[in-house]
Amino acid sequence: MDIRDLLLKNVMIMDLKGTSKEAVIDEMVAKYHAEGIVTDENEYRQDILKREAESTTGIGEGIAMPHAKDSAVTRATVLFAKSDQGVDFNALDGQPVHLFFMIAAPEGANNEHLAALAALSSLLIDPKLVADLKQAKTPDDVLALFGKAQAEKEAKDKAEEAKEKAQEEQEKADKQAEFKAEKRQERPFIVAVTACPTGIAHTYMAEAALKETAEKLGVDIKVETNGSEGIKHKLTDSDINRAAGVIVAADKKVAMDRFNGKKLLNRPVIDGIKNPEELIEETLQGKGQVFHAAGTDNSDAASEEASGGTLWNRIYKDLMNGVSNMLPFVVGGGIIMAISFILEQWLGKTSMWFTFTNNLGTFAFSFLVPILAAYIAESIGDRPALMPGFVGGYMATVATASVVKAQNPAGFLGGLVAGFAAGWMIVGLKKLLSKMPHSLDGMRTILLYPVIGLAIMGLLMFFIINPIFAAINGALISFLEGMGTGNAILIGVILAAMMSIDMGGPFNKAAYTFAIGVYQASGFKDGRWMAAVMIGGMIPPLAIAVASTFFPKKFTLQERNAGLSNYALGLTFITEGAIPFAATDPLHIIGSSVIGSAIAGGLTQLWHVNVPAPHGGVVALLLTNQKLGFIMSLLIGTIIAALLLGFWRPVAKENK
């Protein structure tokens, strides 16, 4: 399919009027709706915004590719739009976006359409095409530029295919030692895999960046793409064996066992787009770690070696796998439960709407610990560990599921331990059964792992984990319930400060997980610590927003524009809005944020603020028992952090 079949002249916007991210999205969606490409304007806009919330589609170099696939789209279309003044679109490189390609994909889009989207992504890696598009005046100019670029790309692809075919024929023709010696004297050869969760844009941008950079460096490369249209340019055993090293630039799981014994770099897909030269040079220098596939003698260290991580990095990755899979249950169940409390205040406890929403939220929350444990286990022991981890997590939520008839379940702590125990138990079981004949591999997966794994997990939970952690959990609950105001203030200070130390990293997640654990163990009533972590997490973006407004000379124009969005991010408890600022100025941003958050966290405990909801930001104000305490804690912490940042931070260079 020619890319120009998707770039329709009547849906191009050659002079965008919007000056903000939200405004240009609304303008482009409205154009789609006006031209009949989208039947439900609101539905399509919500899907676009949902995709933007996951990660920005501003890929850098002045380009953004917002995209969505849903039933409101009547035909596959790419809307081209241009802004001469540029728009702050939260691009990866922090620069204004001038060129927009809004991709509308109907449900059930075929492979031809996805191939065209891949072609669009790979064409835009050419800086000359991007520069020419910025100067285009009419839709005809845009189509002409893409026609020329696509023709050049097709010619280059044909040449590369012919080259690959010739190389494969040469390999088959000569397998003797002289052939291998000759190959070692040729240009270096490496292989790569690119993949992103949606598989539309970033997958192919990373492929194009790696191939173009390899050509400049005099390196031969073959890149396999794992996109929405399936696997393209699949790496053969011959490719992998011949390669000097492997690059995996992926944000989703790809087939890894085939790289057993090869030096491998495992990086996010964005590194393939932004740092292709670094990845290629490190691969050629042999800086990748040797990857060991599952089932080999060193398979238990495979992940650390592939990524160069430490034991702590491995533990953190396993824990975050559980937390990230648990969060949808936390947010969905928590918000629905919060709505039920509001309905209770309006309609009473006997209302059907209250009981329905409250039960629905409770059902979601009942899966928190099992899901946490299951996906921690799965991260360690792969799929065979999922079931024993889930059962162990469930047993941790049942007070009587142990030899000791405890008054409290093992709870969150027991679930954490159950997840790690299940994962490493399966790793050990794999080693124990690794000497079995290969003809019995099916029996191991279908019969032995589930039965033996469940039996061992049950014994561990019943006789060891549940009794120990039920006692610990009960002692913790009793300690928190009987805690004096002074101790409560200290814990509130610590938890809120942790939310600002790394703004979404290990400290932040540890504090949030602790608050969730207490909230769940209390029967979703004790939201004291949730108040501390929520307000502590709201302060960094709010402090930046206030400081950039009242101390404008301390921030660049771009930072002041980005600071405005932090008002909304902070009020809705999205701490990550502060990360771009912290990355460029960690001392002043993090230092002032930690102080402001710590003070606010202590105040929430001094004023006995209780927030019985795990998310929502200012929306949770409707549920708190101390609305004035919530507001004052937030205001005082924000003002202190903003003043510290405003007075402490030096004047920006462009304002001197």
Side-chain angles (χ1 to χ4, degrees), residues 20-22 52-56 58 88-95 270 320 327 331 493-512 515 530-601 604 615-620 633-650 652:
S20 67
K21 181 174 183 177
E22 294 76 16
E52 290 297 323
E54 295 175 358
S55 62
T56 180
D88 181 6
F89 208 77
N90 298 329
L92 294 172
D93 59 2
Q95 298 301 311
I270 193 61
M320 286 303 102
L327 280 179
V331 176
V493 166
I494 294 171
L495 289 175
M498 289 174 67
M499 293 297 291
S500 294
I501 289 175
D502 52 8
M503 302 175 186
F507 286 98
N508 177 285
K509 288 294 187 292
Y512 187 69
M530 192 57 64
V533 299
M534 188 176 296
I535 291 178
M538 294 168 69
I539 283 174
L542 285 175
I544 290 168
V546 173
S548 63
T549 300
F550 292 96
F551 298 89
K553 290 187 177 181
K554 302 298 182 76
F555 298 84
T556 65
L557 176 61
Q558 182 180 343
E559 287 175 332
R560 292 197 298 273
N561 291 335
L564 293 175
S565 65
N566 272 0
Y567 280 109
L569 295 174
L571 290 172
T572 52
F573 186 34
I574 302 176
T575 315
E576 287 78 4
I579 290 177
F581 294 85
T584 58
D585 186 11
L587 176 63
H588 299 104
I589 298 295
I590 295 177
S592 56
S593 295
V594 167
I595 294 172
S597 293
I599 292 171
T604 63
H615 215 282
V618 291
V619 177
S633 299
L634 182 62
L635 283 177
I636 292 171
T638 298
I639 292 171
I640 290 174
L643 289 174
L644 285 172
L645 180 58
F647 287 118
W648 187 17
R649 199 181 202 217

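These numbers come from a predicted model, not from an experiment.
In this structure V594 satisfies the side chain to side chain contact (heavy atoms under 4.5 Å, CB included) test together with A497, S500, I501, I590, sequence neighbours excluded. For F550, there are no ring pair (Phe, Tyr, Trp, His ring centres under 6.0 Å) partners at least two apart in sequence or on another chain. Judged as a side chain to side chain contact (heavy atoms under 4.5 Å, CB included), and not counting sequence neighbours, the contacts of I599 are I595, L603, I636, I640. Judged as a ring pair (Phe, Tyr, Trp, His ring centres under 6.0 Å), and not counting sequence neighbours, the contacts of F89 are F100. In this view, R560 satisfies the salt bridge (Lys or Arg N to Asp or Glu O under 4.0 Å) rule with no residue, not counting sequence neighbours. Listed by chain and number, the residues in a ring pair (Phe, Tyr, Trp, His ring centres under 6.0 Å) with F551 are F647 (sequence neighbours excluded). Considering only residues two or more places apart in sequence or on other chains, T572 meets the side chain to side chain contact (heavy atoms under 4.5 Å, CB included) condition with I574. Evaluation of the side chain to side chain contact (heavy atoms under 4.5 Å, CB included) rule for Q95 yields D93, Q558 as partners, not counting sequence neighbours.
For A515 against V533, the heavy-atom pair with the smallest separation is CB-CG2, 3.8 Å. Residue P540 comes nearest to S597 through the heavy atom pair CD-OG, 3.9 Å, listed as atom of the first residue, atom of the second, then distance. The minimum heavy-atom distance linking A547 with A642 is given by the pair CB-O, 3.8 Å. Residues D585 and R649 share a closest heavy-atom pair of OD2-NE, 2.7 Å. The nearest pair of heavy atoms linking S592 to L645 is OG-CB, 3.6 Å. Of all heavy-atom pairs spanning G537 and M499, the tightest one is N-CB, 3.8 Å.
Among T575, V618, T638, the one residue that satisfies the side-chain contact (heavy atoms from CB on, under 4.5 Å) test with M538 is V618.
Applying the side chain to side chain donor-acceptor pair (under 3.5 Å) rule to pairs touching residues 531-551 yields T549-Y567, sequence neighbours excluded. The list of salt bridge (charged side-chain N to carboxylate O under 4.0 Å, His left out) pairs with a residue in residues 543-558, not counting sequence neighbours, is empty.
Using a 4.5 Å heavy-atom cutoff, the side chains of L542 and I539 are not in contact.
Rounding to the nearest 0.5 Å gives a distance of 11.5 Å between CD1 of I589 and CG of L644. Distance check, rounded to the nearest 0.5 Å: CZ of F573 to CD1 of I535 gives 10.0 Å. The CG atom of D88 lies 11.0 Å from the CD atom of E559; values are rounded to the nearest 0.5 Å.
Relative orientation of the F555 and F581 rings is perpendicular, given thresholds of 30° and 60° on the angle between their planes.
Under a 3.5 Å cut-off, the side chain of T604 and the backbone N or O of G601 do form a donor-acceptor pair.
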